[in-house]
Amino acid sequence: ARCTDRYPLLSAIPGPCAPCVCSDAGVLRGCPYHAELSDPILWISGRGVTAVAEGALEGNYGVISVFLHENALETLPAGVFSGLRNPRGIYLDRNKIAVL
């Protein structure tokens, strides 16, 4: 499935990392649409995400997989994934993260 198959209204959501919300500089601020739909998968790969704001994943309690690979991440805030109840996979490959 392609992103446009999973999110047919993707073009209606502004920003570089839609369907999540990012600043123009690529800082992930949140994924409220995923949270509202109780989507178990966050597809944020290859979206030019440069950083993740503290609390960006709040409200996404039921997420089991987070795809953040192929971005420009160098660091992550402490506890960024702590609000996820039962994550099974967090994919961070092909970023610039040196230490977790």
Side-chain angles (χ1 to χ4, degrees):
R2 294 183 346 228
C3 193
T4 54
D5 296 334
R6 190 167 176 87
Y7 305 105
L9 302 176
L10 186 63
S11 62
I13 302 169
C17 67
C20 289
V21 179
C22 281
S23 71
D24 289 337
V27 178
L28 178 64
R29 293 185 177 159
C31 294
Y33 305 107
H34 289 278
E36 188 173 330
L37 297 171
S38 299
D39 195 340
I41 300 171
L42 293 179
W43 293 98
I44 322 166
S45 57
R47 302 280 166 72
V49 177
T50 58
V52 178
E54 285 189 39
L57 300 181
E58 286 181 11
N60 290 279
Y61 310 112
V63 167
I64 58 172
S65 295
V66 179
F67 292 90
L68 269 168
H69 61 285
E70 295 181 18
N71 282 297
L73 294 170
E74 293 183 12
T75 63
L76 291 169
V80 68
F81 303 112
S82 64
L84 305 180
R85 289 186 188 137
N86 191 25
R88 295 185 189 145
I90 298 173
Y91 304 92
L92 298 168
D93 53 293
R94 291 182 252 160
N95 277 289
K96 300 175 184 179
I97 300 170
V99 178
L100 284 177

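Note: hydrogens, waters and symmetry copies are ignored here, and every other heavy atom, side chains too, is used.
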Write down the atom of Gly30, the atom of Cys20, and the distance for their closest heavy-atom approach.
-> O-CB, 3.4 Å
Nearest 0.5 Å please: distance from the SG atom of Cys17 over to the CD1 atom of Ile44.
-> 7.0 Å
Between OG of Ser23 and CZ of Arg29, what distance do you get to the nearest 0.5 Å?
-> 5.0 Å
Same hydrophobic cluster for Leu84 and Val52, using side-chain heavy-atom links shorter than 4.5 Å among ILVMFWY?
-> yes
Give every donor-acceptor pair under 3.5 Å between a side-chain atom in residues 54-67 and any protein atom, sequence neighbours left out.
| unit_1 | atom_1 | unit_2 | atom_2 | d |
| --- | --- | --- | --- | --- |
| Asn60 | OD1 | Ala35 | N | 3.1 |
| Asn60 | ND2 | Leu57 | O | 3.3 |

Sequence neighbours excluded and cut-off under 3.5 Å, please list the side-chain donor-acceptor pairs for residues 89-100, or say none.
| unit_1 | atom_1 | unit_2 | atom_2 | d |
| --- | --- | --- | --- | --- |
| Arg94 | NH1 | Glu70 | OE2 | 2.5 |
| Asn95 | OD1 | Asn71 | N | 3.3 |
| Asn95 | OD1 | Ala72 | N | 3.4 |
| Asn95 | OD1 | Leu73 | N | 3.1 |
| Asn95 | ND2 | Leu68 | O | 2.9 |
| Asn95 | ND2 | Leu92 | O | 2.8 |

List the steps, then state whether side-chain contact (heavy atoms from CB on, under 4.5 Å) holds for Val21 with Cys31.
-> CA-CA 6 Å; Val21 179; Cys31 294; over 6 Å; no
